[in-house]
Participant: 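The structure under discussion is supplied below as structure tokens; questions concerning it will follow.
All heavy atoms count here, side chains included; hydrogens, waters and symmetry mates do not. A quick note: this is a predicted structure, and the numbers were derived from the prediction, not measured.
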Amino acid sequence: MKQIKFVKLIDTAIIPTRAHASDAGFDIATPIDITIPASGHQPTKLEIGIAMAIPDGYMGMILPRSSTGSKGLRMANTAGIID
């Protein structure tokens, strides 16, 4: 498996991790304490403050967790492709 390098763009950024060694993806978190209202449809951008170096021949995807939709949250473009 290729090594993926992460760089903090802001001091409080949280470097993505895998919860288990067998996980296919990384968990990404925002370093900002924020409450998103349950009602309304106001878009909210979340800062993650990281950059990553994806090895040649690979791509990155940002996908919502399976439980996110049941909470009424969604990504603006459904999936983010990083190549």
Side-chain angles (χ1 to χ4, degrees):
M1 176 182 282
K2 296 272 186 174
Q3 182 69 27
I4 298 175
K5 297 177 185 173
F6 297 98
V7 176
K8 288 185 177 187
L9 301 177
I10 58 174
D11 290 339
T12 57
I14 301 165
I15 297 295
T17 59
R18 289 186 167 112
H20 305 94
S22 60
D23 287 353
F26 291 86
D27 295 325
I28 296 175
T30 180
I32 300 165
D33 186 16
I34 185 171
T35 300
I36 300 172
S39 61
H41 299 289
Q42 289 292 347
T44 303
K45 291 183 181 181
L46 299 177
E47 175 74 45
I48 58 172
I50 61 163
M52 60 189 297
I54 299 173
D56 288 344
Y58 287 79
M59 70 172 210
M61 296 178 72
I62 299 177
L63 301 168
R65 292 179 53 160
S66 57
S67 63
T68 302
S70 66
K71 297 176 183 170
L73 301 173
R74 65 178 179 83
M75 291 176 50
N77 63 344
T78 309
I81 305 295
I82 307 164
D83 61 359

Participant: Would a hydrophobic clustering, with Ile, Leu, Val, Met, Phe, Trp and Tyr connected at side-chain separations under 4.5 Å, put Ile48 with Phe6?
Facilitator: yes
Participant: Look only at the side chain of Lys8 and the backbone of Ala13, and say whether a donor-acceptor pair between them is shorter than 3.5 Å.
Facilitator: yes
Participant: Cluster question for you: counting only ILVMFWY and a side-chain heavy-atom cut-off of under 4.5 Å, with indirect links fine, are Ile15 and Leu9 together?
Facilitator: no
Participant: For the residue pair Ala24 and Arg18, what are the closest heavy atoms and their distance?
Facilitator: O-NH2, 3.8 Å
Participant: Check whether Ile10 and Ile14 end up in the same hydrophobic cluster, where Ile, Leu, Val, Met, Phe, Trp and Tyr are linked by side-chain heavy atoms less than 4.5 Å apart.
Facilitator: no
Participant: Which heavy atom of Ile50 sits nearest to which heavy atom of Pro16, and what is that distance?
Facilitator: CD1-CG, 3.4 Å
Participant: Would you compute the distance between atom CZ of Phe26 and atom CD1 of Ile4 and round it to the nearest 0.5 angstrom?
Facilitator: 4.5 Å
Participant: Please report the interatomic distance CD1(Ile28) to CD1(Ile62), rounded to the nearest 0.5 Å.
Facilitator: 5.0 Å
